[in-house]
Amino acid sequence: MIPKIETSSVTPIREKGVDSIVDWFDQHQHSFYTIGWYYLRNQEQMEELFYQSIKKVHKKLPQFKRETSFETWVTSIFIHTCRELSVDNSLQLSEKSEERQELFNALDQLKENEREAMVLTYVKGIPKEEATKLLQVSEGKLKELLFYGIQLFRKEMGNGATYNGCKEYHEVYIDYLERTLDRQRKIDLEKHLYHCQDCQEDLASFQEVMVTLLNLPERMKELHMPAGFMENVKDRLAEKEKHRQQKNKKRIRIGLVFAGVFALLIGIEFFTRAFSNLYYTWAEEDQELRTFLQQDLGEPLNLEAESSGIKIKIKSAIADEVQTIIFYEIEDTEEDNQYAMENFEGIFVENQDGIMSPEGYQSYYPPDLESHVNKEEKNVFQGKMSLLPLKGNNGTIKLKIIKLHKLLRNSSDPNGFSAYGNMEYETGEWNFEIPVTKQPSVEYALDEEIEVEGIPVRFNKLTIAPTATILQYSISNKQAKKRIDDLNFDNLEVNNKKLKSDMYRGSFFDSQQDVNWFTFQKHFGPLFGEKPEEVNIQLDLVHLSYDDPKNIELDASQVYPQTFEYAGSTISIDKVEIGQPTKVVISNHEIKNRAYETLNFQIVGEDENDISSLEMSSEGVLIDKNGVEYDMNEPVAYEEIEQPRHFITVQSMELQSNTAGENVIPKRLEIYGYNATKYLDDVIKISLNNK
């Protein structure tokens with residue numbers, strides 16, 4: 001067993017960096033090399049295992065809390081890396097290496113958690129209390145894993161003999177052989193052994209295997225490490241460090257050159273607005289942030305914090321009445337990973353109640369995978385996130401970050417990434433104090449009214465803020481038979497500049513301004529430095545609800561299917577089946593020229609209120625503008641379909657009674673109405689010359 005490293009020895013390792021970690025692995029290489037052979041198959045994989053493990057230990061070293069021994073902590077990282085590499089198809093071989101000994105092959109037959117329990121306990125010699133932490137199991141569960149592991153190991157290494165010991169005593173075998181069993185249970189077991197020949201043979205065989213396992217560290221000396229193994233790993237790490245230093249030097253050189261040019265321009269009094277534009281063109285790679293800075297809507301901050309080998313830079317903060325946008329850059333200083341922030345996970349404004357307005361909304365900005373920096377750099381990501389607007393005109397945001405989302409490279413994705421398909425995170429702690437000044441907004445009254453599908457819609461106000469352009473509009477709610485549930489816009493054109501609709505922002509604003517109208521807001525992209533003279537509003541689609549009540553009597557004694565007419569379609573009642581649950585199925589597979597996409601209805605029972613629960617499932621089909629159908633059970637690129645509409649074709653219901661043991665007897669199908677989507681190509685022109 002390898003002696004436990006004292007936690008005090010971690011301090012020089014932290015101070016000396018990766019070289020000390022390499023030296024530590026060099027001293028403990030044999031035991032870790034042995035563990036690696038329980039997972040991997042050849043020398044190339046083993047070198048990759050040590051290389052990756054050393055990098056991870058170095059990266060995560062600031063997270064080491066000394067709650068366990070340093071060796072146990074490193075072992076947990078090493079085993080996690082073993083697992084990752086053992087399932088990597090690019091490394092796995094179809095046949096096991098001839099170098100792997102018989103006992104390795106026997107251990108291969110165990111389940112992963114049983115094998116790991118035995119490797120940690122008998123090969124690595126880790127105390128059980130620490131092994132339970134590594135495996136995240138209780139002590140009882142660890143003993144159970146060891147017991148079943150030893151049993152199967154005995155079977156694989158044995159001669160086919162069978163053992164029939166009494167199962168009720170299996171759970172105490174390990175404690176008895178390790179002499180940790182309490183006195184009374186020890187006496188009970190020994191009395192039983194005296195009378196039970198099967199248990200005598202079972203326990204003797206079990207003891208023989210345990211002795212073999214306890215002697216494994218000595219047997220592992222037969223597994224020779226090849227000459228130059230650690231030297232190859234060290235060479236790879238040295239090459240990685242050389243590349244990192246060259247990259248940093250290049251950045252420093254570029255910074256010095258730019259600083260010289262900047263000083264020269266200042267010296268000749270060239271610091272005008274034109275220079276400001278030129279300066280940010282050179283200095284800022286993020287095009288959106290560059291525009292904000294050129295318009296004097298914010299200033300460079302370049303606040304930095306580093307944790308877990310990851311450096312976060314807050315580049316700038318842009319604030320207005322709508323929101324506060326934080327522009328950031330995240331650099332992985334140790335590996336080629338890219339990370340992004342998520343608005344609602346791992347991000348906290350510690351003084352939010354005192355500084356930020358609860359009346360605002362946070363926008364969602366997905367990672368921009370198409371920007372030049374994010375496509376070219378493998379370890380740097382530039383992004384933005386939205387926070388609530390400020391209460392006052394200025395303040396200092398105390399931002400705390402404890403979790404980052406890892407962007408996974410994906411060769412099947414056209415961008416080369418899988419942004420949120422598989423969630424992986426990196427934890428740490430990054431703290432910032434961000435000074436922010438709120439920029440003013442300008443409002444323009446519109447007072448324009450139109451009709452959409454016969455329903456009045458009026459446009460009330462246009463707000464131009466630095467971070468967004470907001471259209472406020474209202475929809476009449478006086479119509480009894482038809483309503484607009486949602487009105488979508490494609491774009492807003494102001495002074496011949498098109499602003500795209502923000503698909504993530506749109507809100508119900510205030511229904512109490514007028515009892516006959518519902519008021520909404522729609523967000524579009526920002527408009528810089530312009531006084532609007534004309535606004536063109538491009539409508540996109542409208543979601544409508546129709547009230548059209550109809551009752552259909554149901555009778556389980558009738559033969560189904562049966563049909564009825566509704567909204568110009570023939571609808572089938574496919575099934576009415578009494579039971580627990582009672583099942584009702586309706587369908588309409590004819591979608592050509594169908595007036596509705598979904599029905600609004602309920603099933604009423606024989607006693608009117610005898611239904612306690614209703615579970616509903618549906619099937620449907622997606623069609624485009626030209627009537628081409630898409631199977632909803634197959635992956636569909638929804639955003640690439642021209643004018644998609646989703647038609648429900650089958651609806652299946654399961655009904656449970658309020659009274660236990662009784663069946664629901666369906667009495668009627670009550671249809672309230674239906675929903676439909678219509679696409680629009682109207683453009684609303686509003687002049688602001690006299691507004």
Side-chain angles (χ1 to χ4, degrees), residues 62 255 262 271 276 279-280 283-308 310-331 333 339-365 367-368 380-405 426-442 463-468 470 504-505 523 526 528:
F262 178 73
F271 197 71
S276 177
Y279 168 80
Y280 289 122
E284 182 50 58
E285 298 172 293
D286 188 316
Q287 183 175 349
E288 184 179 5
L289 175 56
R290 183 193 311 155
T291 304
F292 281 118
L293 297 178
Q294 289 173 336
Q295 296 292 328
D296 293 328
L297 297 172
E299 60 181 4
L301 296 176
N302 296 326
L303 307 173
E304 292 187 359
E306 187 168 350
S307 178
S308 303
I310 297 175
K311 182 189 297 181
I312 299 179
K313 178 189 292 184
I314 302 299
K315 303 175 70 176
S316 188
I318 313 298
D320 57 21
E321 296 285 350
V322 179
Q323 63 186 324
T324 304
I325 297 181
I326 305 296
F327 287 88
Y328 64 83
E329 177 180 286
I330 302 177
E331 178 187 1
T333 62
Y339 296 91
M341 295 186 196
E342 290 187 22
N343 285 48
F344 307 106
E345 187 164 7
I347 310 294
F348 305 96
V349 177
E350 296 186 299
N351 58 340
Q352 178 170 299
D353 291 343
I355 196 174
M356 308 196 112
S357 171
E359 303 299 324
Y361 296 90
Q362 291 179 248
S363 292
Y364 167 69
Y365 296 115
D368 180 6
V380 176
F381 184 84
Q382 294 182 349
K384 64 178 179 179
M385 69 172 178
S386 172
L387 301 176
L388 293 171
L390 296 178
K391 286 181 179 178
N393 292 326
N394 52 62
T396 299
I397 298 172
K398 295 182 179 180
L399 186 68
K400 183 175 184 176
I401 303 161
I402 61 172
K403 182 187 288 188
L404 299 173
H405 170 226
E426 182 64 54
T427 57
E429 185 171 324
W430 301 264
N431 294 288
F432 297 94
E433 293 192 359
I434 307 171
V436 184
T437 299
K438 184 163 64 178
Q439 303 295 328
S441 304
V442 182
T463 301
I464 298 180
T467 67
I470 304 170
Y504 300 104
R505 284 291 295 266
H523 289 236
F528 297 106

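By the side-chain hydrogen bond (donor to acceptor under 3.5 Å, both in side chains) test, Lys311 is found to be paired with no residue, residues two or more places apart in sequence or in another chain being considered. With sequence neighbours left out, Asn393 forms a side chain to side chain contact (heavy atoms under 4.5 Å, CB included) with Lys438. Under the rule for a side chain to side chain contact (heavy atoms under 4.5 Å, CB included), the partners of Ser357 that lie at least two apart in sequence or sit in another chain are Glu359, Pro389, Lys391. By the side-chain hydrogen bond (donor to acceptor under 3.5 Å, both in side chains) test, Gln439 pairs with no residue at all, sequence neighbours left out. Residues satisfying the side-chain hydrogen bond (donor to acceptor under 3.5 Å, both in side chains) criterion with Glu429, sequence neighbours excluded, are Asn431.
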Quiz item: Does the pair Leu399 and Met385 meet the rule for a side chain to side chain contact (heavy atoms under 4.5 Å, CB included), with working shown?
Solution: CA-CA 12 Å; Leu399 186 68; Met385 69 172 178; 3.7 Å; yes
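For residues 312-323, the side-chain hydrogen bond (donor to acceptor under 3.5 Å, both in side chains) pairs, not counting sequence neighbours, are Glu284-Lys315, Asp320-Thr467, Gln323-Ser363, Gln323-Tyr365, Gln323-Ser386, Gln323-Thr467.
Looking only at side-chain heavy atoms (C-beta outward), Ile330 and Met341 come within less than 4.5 Å of each other. Contact of the Leu301 side chain with the Glu299 side chain is registered, since non-hydrogen atoms from C-beta on lie closer than 4.5 Å. Counting heavy atoms from C-beta on, the side chains of Leu404 and Ile312 come closer than 4.5 Å.
Ring orientation note: the planes of Phe381 and Tyr328 are tilted relative to one another, at an angle of 30° to 60°.
Heavy atoms only, all atoms of each residue included: Ala319 and Val436 are closest at CB-CG1, 3.2 Å. Of all heavy-atom pairs spanning Ile397 and Ile355, the tightest one is N-CD1, 4.1 Å. Taking each heavy atom of Ser307 and Gly428 in turn, the nearest pair found is OG-CA, 3.5 Å. Nearest heavy-atom pair across Pro466 and Ser441 is CD-OG, 4.3 Å.
Checked by atom type and distance alone, the side chain of Asp368 never pairs as donor or acceptor with a backbone atom of Lys384 at under 3.5 Å.
Expressed to the nearest 0.5 Å, how far CD1 of Ile326 lies from CD1 of Ile434 amounts to 4.0 Å. Put simply, OG1 on Thr437 and CG on Leu297 are 11.5 Å apart, with the number rounded to the nearest 0.5 Å. Between atom OH of residue Tyr339 and atom CD1 of residue Ile310 there is a gap of 4.0 Å, rounded to the nearest 0.5 Å. Interatomic distance, CG of Leu388 versus CD of Gln362, reported as 4.5 Å (0.5 Å rounding). Interatomic distance, CD of Gln382 versus CD of Glu288, reported as 11.5 Å (0.5 Å rounding). With values rounded to the nearest 0.5 angstrom, Lys398 atom NZ is found 15.5 Å from Phe432 atom CZ.
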